[in-house]
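Have a look at the structure below, then the notes.
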Amino acid sequence: MAVMAQPKFSQPHGLYDVNNLTVAMTGSDADAVIRYTTDGSEPTLKSSKYTSPLTIRKTTLLRAVEVKGDSLSPVATSSYIFVNSVLSQPNNPTGYPDTWGQYTQMNGTAKADYEMDPEMTGDSKLRPKIIEGLKQLPILSIVSDKDNFFSHENDSVKGGIYIFTGPPVGDATGLGWTRPASVELIGGPQNHDYTGTCGVRLHGGHGRLAEKNPKHSFRLVFKKEYGKKTMKYPVFGEDEPSQFNQLVVRCHFGNAWQHWAEDNRQRAQYTRDVWARRIQKKMGHTSVNALYVHLFLNGMYWGLYNIAERVDDQYGKDHLGGKKNDIDVIKIEEDGGNHIEASEGDLAAWEEMNAVAARAADDAYYQRLDTLLDIDNFIDYMLINQYAGNTDWNHHNWYAIRRHNNESEASEGFKFLCWDSELILMNVSENLASGAVSSDKAGAVTAIYRNLLQNPKFAKRYVRRAKEVLTADGLLGEKSVVQVWDSLYYTIDKALYDEAARWGDYRRDVHRWQSGGRLYTVDEFYIPERNRLLYEYFPSRSEKVLADILSYVDVDDFEAPEEWVPLTPDMFYVWDGTGADAKPTNDWSVDWNLNRQLNGGNVVVGSNSVTYNQFADLSQYDRLIVRGTGSGFRIVANRLVNHGSYKQIVADFNEWSQYWDPDYGVLSIPLDEISRMADSQGQQRVEDFVHLNTIKVNSGGQLTVKGIYLVPKKEFTTVEMAATDPQHHHRLYNISGQEVIRPTKGIYIRNGRKVILR
C-alpha cells in the first residue's frame, strides 16, 4: 500500500509577533480525515478531528495526520512560536512535572525550571531587547510527546530523557535512551526552512548531572526507525556538508550563567567553544561547523544553543573524502574512566601512530609519521589550546580523525579537532607550553606532543610556526583572534538577552548549590567579561604564550636563506702575502667557539694573536651575516703587517645597531665598508680585498654567536659540491685558469662564470 501524504498547513512554521493566527489544514485524499494535536503529542485515531481553520493565540505545536480507515499518514509538524507566549512562559506549564531528575553527587531532586524570568521580561528596558533577540537567530524546535522528555517512570522505553540523564558518574540510568521527535529549523538571517523526524537523546559528560547543569545538551540521531536514515539539508550553508547522521545541540555548559560554580557564571560569553573551532578553520584545517540557534523544547524556550556537526563516519567522508568505512574516529569516552576508543573504525592506526611517535627522537621513526599524523594540523591544534589556556582538555574533550590509505593516495594521518573548548580564554598568565594539564596517560595529546619534541626537526617546525602565528599580525595575534571573537559576539549580541531571561536567575532563585548566584544580565555581567578579554587578555596573550613556548622548547629554529654560505674553519689559511693576489700556503687550525657564551677578550673565530698572514679571504662576498645575542661583536680585518694597523667593526645584537636586520634578527654587515674604512690608526685606506683575521668579543662585552654566514656578490653563483660530479660535464678551473679535477670548497670558474663551491 502506498504511503499516505502528510497534511499541509496554510501558514509556515515560524516566530510570530502577532495576537492571533489562522491556520487551515488540507489533505490529499478526499475520503480521508485529518486528526491533529496542539501539545506536541503524536496524533492518533482518537485525536481531535479537523473540521475548520484553527485560530491560535499562543505558541502552538500543530501536529496532524491523514486517517483513512486504520491507516495513518506520516505526522506533519509545524511550530508556531508566539513572541508573547515566550515572554510570559510560566513555571507551571500544564502537564509538566515540577521536579526533574535525582541529583548525583548530593542528595535531593532537581526542581524544575521552565519560566522566563518575569523580573527581566517585565523590565521596560529589557523587554524590547528580549524581543529583538528572539528574531536574531534561527529557531530549532524539537517536538515530542512530553513523557519522552519528562516522564518519571524508570523505564528504558517510557522514561523521560530529561529525568534519567545517564551521567558519567553515579547512576547511569538513561544513558543512550533515545526518543522519537520532530525537528524544525526555522528562519533566522539564513531563512532556514527544514522539517524532519529523528531520534533525540541527551549528550555530554558532567553536563548531564542535574545539580551541575539544568540546561542539557541534545543529540539528534537520524535513522530509519525515526524516519529517514540521514538528514539532507545545508544546516551550515550551501558551501558546507549537507548530509548528517547525527547533530549535536550544544547547551554551553562551561562558563555559562546556569553553571554550578560562581567563577564560571562570572565568565559567561557563549562564544569560547565556537571560537576555537572557527580559529582552527581560519588556520586552514578541518574543523567542526557550528550554527547558533534558539532552542524550543515542545514550544518552551530553552535558551541559546549551537548546533554542531557530530564527528562520525559521515563527517569524515564529507570533510576528508573516501567512503564511510575509510574513516577512523578516536576520542576519549568519559563513561567508564576516560578510556580511549574508536567510535568509528578501529584503533590499529592510532596505536601504530602512538608507538611511532614514542620513538620520534629517531629520525627514521619521525619520518614514518608522514602518513600516520598530520603534523601541521597537530602543531596548530597544540598552539590553539596553548593560546587559549585550555584547562579542561587533554584527558578528554578532543577528537582525532583519519582517512585510510587508498589506491590513489596515502593517508594524511590523524587530524585533531577542537571540541568542547568551553573552559578557555580565562587566565592571561596560563602557561601550557609544557602541554599537560593532567596526567599524560598513553595516547593523551600532550604525551604525543612531548615525544615529538624530542626530535629537533619537529621542535624547529613547531617553534617556527609558533613565531609565525603568535606575532601581532599572525593568525593567533590580537587582530585575528578578536576578529573571530567579535564575529561571534555580533551573531548573538541580542540573543543573549533571551538567554539571560531564561537562565540568568537559576542559581539565585531555583538552585544555589555550592554558591548563591545573582541575577545574571548582559549589561552587568557579560559586558565586563567581554571588556576584560578585549582590553586585558587578547592584547598581551600572544606575546606571553610565545615567550612560554620559547622558554620551554630549547631549540634553534633558524633557517638561513639558500644563498647564504656558512663561514667554516676550512676557509681560513696561512697566506703568502696580504694583497689581493695572495695565495694560500698552509691550512690554519683556527679557534672556533660558536654557540658558547664568551666574555670580553675571548676569541669567537681565529686566534688571540692576530697574525697578518692568517685570514679568510672574503673579497668575493657582499655581506657578513651574524646570528647571536649580547654585545661587543668585534671583527678584525685587513691587517697588513705584524703588529700593524688593522680595520675593525664592533656591533651589538639589538635593534639599535646600524647593522641590525629585523627580518632575520641578525647583524648584516656590508663587507665593502671594511675595504673602504679607516684603519685603527685613523689612516684612510681603500683596498680591493677583505681579509678576515679574527672575530673577538670586545672589551667589556659578552655574547654568544650562533652562526656566521656570507652572502656572495651578484657576479658569483653558489653551487653545491654534488653539482661538480663529472657526469654533469661541468669543468672547473681555478682563478689562474688551471682545471681542477678534485675541487674542494672555494672559488672556481665554471662555464665562464665565477662560482663558490660549498
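Checked options Phe416, Phe378, Trp419; the residue passing with Trp398 is Phe416 (criterion: ring pair (Phe, Tyr, Trp, His ring centres under 6.0 Å)). Just one of Val249, Ile161, Leu209, Thr165 meets the side chain to side chain contact (heavy atoms under 4.5 Å, CB included) condition when paired with His216; it is Thr165. Each of Leu425, Val469, Ile424, Ile279 was checked for a side chain to side chain contact (heavy atoms under 4.5 Å, CB included) with Tyr387, and the lone residue meeting it is Leu425.
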> Can you check salt bridge (charged side-chain N to carboxylate O under 4.0 Å, His left out) on Asp263 and Arg267, steps first, answer last?
Replying inline: CA-CA 7 Å; Asp263 60 342; Arg267 289 192 294 262; 3.7 Å; yes
> Between Lys467 and Asp557, does a salt bridge (charged side-chain N to carboxylate O under 4.0 Å, His left out) hold up when you go through it step by step?
Replying inline: CA-CA 10 Å; Lys467 288 180 177 179; Asp557 69 307; 2.9 Å; yes
>> Evaluate Asp420 against Arg250 for side chain to side chain contact (heavy atoms under 4.5 Å, CB included), listing each step before the verdict.
In response: CA-CA 9 Å; Asp420 201 3; Arg250 296 183 57 81; 2.8 Å; yes
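The main-chain N or O of Leu320 is found under 3.5 Å from a side-chain atom of Arg403 such that the two form a donor-acceptor pair. Side-chain atoms of Gln258 do not come within 3.5 Å of backbone N or O of Gly504 as any donor-acceptor pair. The main-chain N or O of Ser487 is found under 3.5 Å from a side-chain atom of Thr491 such that the two form a donor-acceptor pair. Between the side chain of Arg502 and the backbone N or O of Tyr301, at least one donor-acceptor pair lies under 3.5 Å. At distances below 3.5 Å, not a single donor-acceptor pair connects side-chain atoms of Asp374 with backbone N or O atoms of Gly413. Remark: side-chain polar atoms of Arg507 are not paired, donor with acceptor, to backbone N or O of Arg518 under 3.5 angstrom. Here the side chain of Asn264 pairs a donor or acceptor atom with the backbone of Asn255 at under 3.5 angstrom. Distance alone, capped at 3.5 Å, places no donor-acceptor pair between the Arg508 side chain and the Leu519 backbone.
Going from atom CD of Glu240 over to atom CG of Asp318 covers 10.0 Å, rounded to the nearest 0.5 Å. Taken from CD in Glu536 to CD in Glu529, the straight-line distance is 9.5 Å, to the nearest 0.5 Å. Atom SG of Cys251 is separated from atom CZ of Arg208 by 11.0 Å, given to the nearest 0.5 angstrom. For the atom pair NZ of Lys457 and CZ of Arg461, the computed distance is 11.0 Å after rounding to the nearest 0.5 Å. A distance of 8.5 Å separates CG in Asp113 from CG in Asp509, rounded to the nearest 0.5 Å. Going from atom CD1 of Ile384 over to atom CD of Gln280 covers 5.0 Å, rounded to the nearest 0.5 Å.
Closest heavy-atom contact between Met116 and Asp498: CE-O, 4.0 Å. Scanning both residues, Glu499 and Leu304, for their nearest heavy atoms gives OE1-N, 2.7 Å. In this structure, Ile448 and Ala357 approach most closely via the heavy-atom pair CG2-CB, 4.3 Å. Taking each heavy atom of Ser421 and Asp273 in turn, the nearest pair found is N-OD1, 2.8 Å. Residues Ala210 and Gly101 share a closest heavy-atom pair of CB-O, 4.0 Å. Considering all non-hydrogen atoms of both residues, Gln454 and Ala361 come closest at CB-CB, 3.8 Å.
Salt bridge absent: Lys317 and Asp313 never bring a charged side-chain N and a carboxylate O closer than 4.0 Å. For Lys135 and Glu132, the salt-bridge test fails: no basic side-chain N is under 4.0 Å from an acidic carboxylate O. A salt bridge does not link Lys479 with Asp473: every distance from a Lys NZ or Arg NE/NH1/NH2 to an Asp or Glu carboxylate oxygen is 4.0 Å or more. Ion pair Arg402/Glu412 not flagged as a salt bridge, since none of the NZ, NE, NH1 or NH2 atoms sits closer than 4.0 Å to an Asp/Glu carboxylate oxygen. Using a 4.0 Å cut-off between charged side-chain N and carboxylate O, Arg464 and Glu559 make a salt bridge.
The side-chain tip of Arg530 points at the ring of Tyr489 from less than 6.0 angstrom away and within 45° of straight on.
The 12-atom threshold is not exceeded at CD of Glu543, counting heavy atoms of other residues, nucleotides or ligands nearer than 6.0 Å. Counting heavy atoms of neighbouring residues, nucleotides and ligands inside a 6.0 Å radius, atom CG of Asn531 exceeds 12 of them. Taking a 6.0 Å sphere around NZ of Lys212, one finds it holds more than 12 heavy atoms contributed by other residues, nucleotides or ligands. Atom CZ of Arg512 is surrounded by more than 12 heavy atoms from other residues, nucleotides or ligands within 6.0 Å.
Using bins of under 30°, 30° to 60° and over 60° for the plane-to-plane angle, the ring pair Tyr506/Trp503 lands in the perpendicular bin. His252 and Tyr270 have perpendicular rings, their planes meeting at more than 60° on a 0 to 90° scale where under 30° would count as parallel.
The side chain to side chain donor-acceptor pair (under 3.5 Å) search around Lys282 returns Ser480, Gln483, not counting sequence neighbours. The ring-ring contact (aromatic ring centres under 6.0 Å, His included) check on Tyr103 picks up His511, with sequence neighbours excluded. With sequence neighbours excluded, no residue satisfies side chain to side chain donor-acceptor pair (under 3.5 Å) with Lys494.
When ring centroids are compared, Phe296 and Trp302 stay outside the 6.0 Å threshold. For Phe414 and Tyr399, the distance between ring centers is not under 6.0 angstrom.
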